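Have a look at the structure below before the remarks.
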Amino acid sequence: MRFTKTLIPTLKENPVEAHVASHRLMLRAGMVRQLAAGIYTWLPMGLRVLRRVEAIVREEMDAAGAQEILMPAVQPAELWQESGRWDLYGRELLRMVDRHDRPTCFGPTHEEVVTDLVRREVKSYRQLPANFYQIQTKFRDEIRPRFGVMRGREFIMKDAYSFDVDDAGADESYRVMFETYTRIFERCGLRFRAVEADTGSIGGASSHEFHVLAESGEDTIISCDRCAYAANLEKARAGTSHLPEASEASAMERVETPNQRTIEDVAKFLGVAASSTVKSLVVARDGEPVLLLLRGDHVLHEVKAAAALGGQVTFPGPEQVAEMTGLPVGSMGPIGVEIPLVADEALRHGGNWVCGANEEGWHITGVNWGRDLPEPEFKDLRSVSAGEPCPHCTEGKLTEDRGIEVGHVFKLGTKYSEALGSKVLNENGREQVTVMGCYGIGVSRIVAAAIEQNHDEGGIIWPMALTPFHVDLMLLNPKDAQTQEVAEALEKELTGAGLEVLMDDRDERLGVKFKDADLLGIPFRVLVGGRSLKSGVVEIQARVGGDKLPYAPDKAGSYLIDKVRNGAVG
RNA sequence: CGGGGCGUAGCGCAGCCUGGUAGCGCAUCGGUUUUGGGAACCGAGGGUCGGAGGUUCGAAUCCUCUCGCCCCGACCA
């Protein structure tokens, strides 16, 4: 492809709105342009990369036995009403009305549509298992789109849905997808990790997210430094940290703690560890207060708390808490309150806790569950942090990384098949609700994630599998007949071998071409012309760490073909 | 939605406070000289100053409303 015949509007300067490397570089390399908040046009350079990701995804999905289909982007409200999500899915769902006043939406996901298809067309267990997938544009009206295509409102997603006759089959479908995803991300040349994840509004029994490891990632992922345990912070647990042998339960005692408001203050004042204290927090569930109890040295995780409590959970500020409960915010405690209690799991172990006395300036020591107040309900409410023990193995410590979620696999169970009535007859002629799984990959997000992981000062460094071109063929002087002849012959040889070649035939100074080559991140560049051509050679240079090496034009082709086929970037 | 910031040429910005009819760098087009890591010079094109209303003899500049974009938070497969 000729540079002069292609729209590759590279930018020298950094666009102000771009704050992360991938966004900045995608704009500078002329891959995308923004049309509106979170909505982008893909230009030739960007689209080529997108197509490569799609191709890998398609090959692996097909190899895993999934069937490609293409569902509508625009969906009738009825289906969503049937599943109950029309009311549950917030403003993120882009709703519209057609000319006949029919409520409609732009699909953010396709459980309803695919389940509708299957309930109509699949009637027998003999047709199962089946896995349908599509690569398609989704729209989610995100509150705050950011980081370019990393978190756009309109984006490209591969979504797949498996249907099985029973749980065992569904587990197997899930396992196959898990392995397929691992292969896909490996082929994309990404450093990633699969982690246990929260199921969020999609629902279902269990799920794993696939995260590309990058500083700019929006998620925190926790993993064990010894075993295979890894989880999103939203889901991560820690092993029980070592506590001193529970001494005998001491008597409950009211102690004065004047002007001691924070946990640290109180612990220090009373000469106990923060981990021996209990902090009390009020949240609202469906507008009603609930008192949450956490160990003094632990931090509430709002997503976990919301999941644990159920209902609509909000986190009121101090004034609202005082208003709702009438309790003194600095000295709240679980004793003698009328509000429902939910305690973090970590409070199961140990005793003789220090709690607020519900009276300004007073705390209570020696508090024990069951004796001094009814045993509360225990749930996982807190954030774990790096350095805590692993919940699975005894030796490991937890570590923390940032990740970009590029894939998510769910065991859905019968949530949608039940609601929409997807049933098949089993071998005994009995009706059976299908068991579903769903599996997403953020195709456009992978492009950004790959750049986050592979760039330097000068620009992008494409992994061989995703690069828009394999070779940047730079003509030092595109008007020179000999240069043209050599370059065209080389281009023909490379393309003939299946390589993609960008011929930089612009009438620009060499420096400009080099700077753009760095920016575009094409793995190999070949310089044709000038003094090297006079001495009968062309110069080959890798995007990273390579000197310019002279090759006879008839040797250059086979060298490059070999390098590219071996997937070597450099 | 709450808090903050910004809208002036394709990109990055100045001008606004203190009103007098728009400028700089890069990019673009033409020319000359150049040509091995973002060339130099000469010339040219390109702006409803986000939009609407108001104040004023006069508004990019002051006032009101509005739209868009960005950042922080809440939200999120």
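So you know, we letter chains A, B, ... as the sequences are listed, proteins then strands, and number each from 1. Note that the structure is a prediction, hence the values are computed from the model and not measured. Values below: all heavy atoms of this structure, side chains included; hydrogens, waters and symmetry mates excluded.
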Tell me whether the side-chain N/O atoms of [X] come closer than 4.0 Å to OP1 or OP2 in [N].
X: A:Arg144; N: B:rC75; value: no
X: A:Arg509; N: B:rA39; value: yes
X: A:Lys12; N: B:rC11; value: no
X: A:Gln34; N: B:rG68; value: no

Whole-angstrom distance between [N] and [M], as gauged at atom [atom1]:
N: B:rG12; M: B:rG50; atom1: P; result: 14 Å
N: B:rG31; M: B:rC24; atom1: C1'; result: 24 Å
N: B:rA9; M: B:rG15; atom1: C1'; result: 15 Å
N: B:rA22; M: B:rA60; atom1: P; result: 9 Å
N: B:rU28; M: B:rG10; atom1: P; result: 14 Å

Would the base of [N] count as contacting [X] through its side chain, where contact means a donor and an acceptor less than 3.5 Å apart?
X: A:Arg525; N: B:rG36; value: no
X: A:Glu508; N: B:rG38; value: no
X: A:Glu13; N: B:rG25; value: yes
X: A:Lys548; N: B:rG37; value: yes
X: A:Gln541; N: B:rG37; value: yes

Scan every strand shown for a Watson-Crick or G-U wobble partner of [N], both distances under 3.5 Å, and answer none if you come up empty.
N: B:rG30; value: B:rC42
N: B:rU64; value: B:rA52
N: B:rG25; value: B:rC11
N: B:rC57; value: B:rG20
N: B:rC1; value: B:rG73

Would you mind telling me which of [options] lies closest to the side-chain atoms of [X]?
X: A:Val512; options: B:rC75, B:rG38, B:rG36; answer: B:rG38
X: A:Ala36; options: B:rG38, B:rC69, B:rG36; answer: B:rC69
X: A:His19; options: B:rC70, B:rG36, B:rG37; answer: B:rC70
X: A:Leu527; options: B:rG36, B:rC69, B:rC75; answer: B:rG36

Distance in angstrom units between A:Phe3 CZ and B:rG38 P, rounded: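 Rounded to the whole Å, the gap is 17 Å.
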
Spacing between A:Asp516 atom CG and B:rA27 atom P, to the nearest angstrom: 12 Å

Parallel, tilted or perpendicular: rings of A:Tyr439 and A:Tyr174 (30°, 60°):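 Tilted.
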
Residues A:Arg146, A:Glu218: salt bridge by 4.0 Å N-O rule: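 The answer is yes: the pair qualifies as a salt bridge.
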
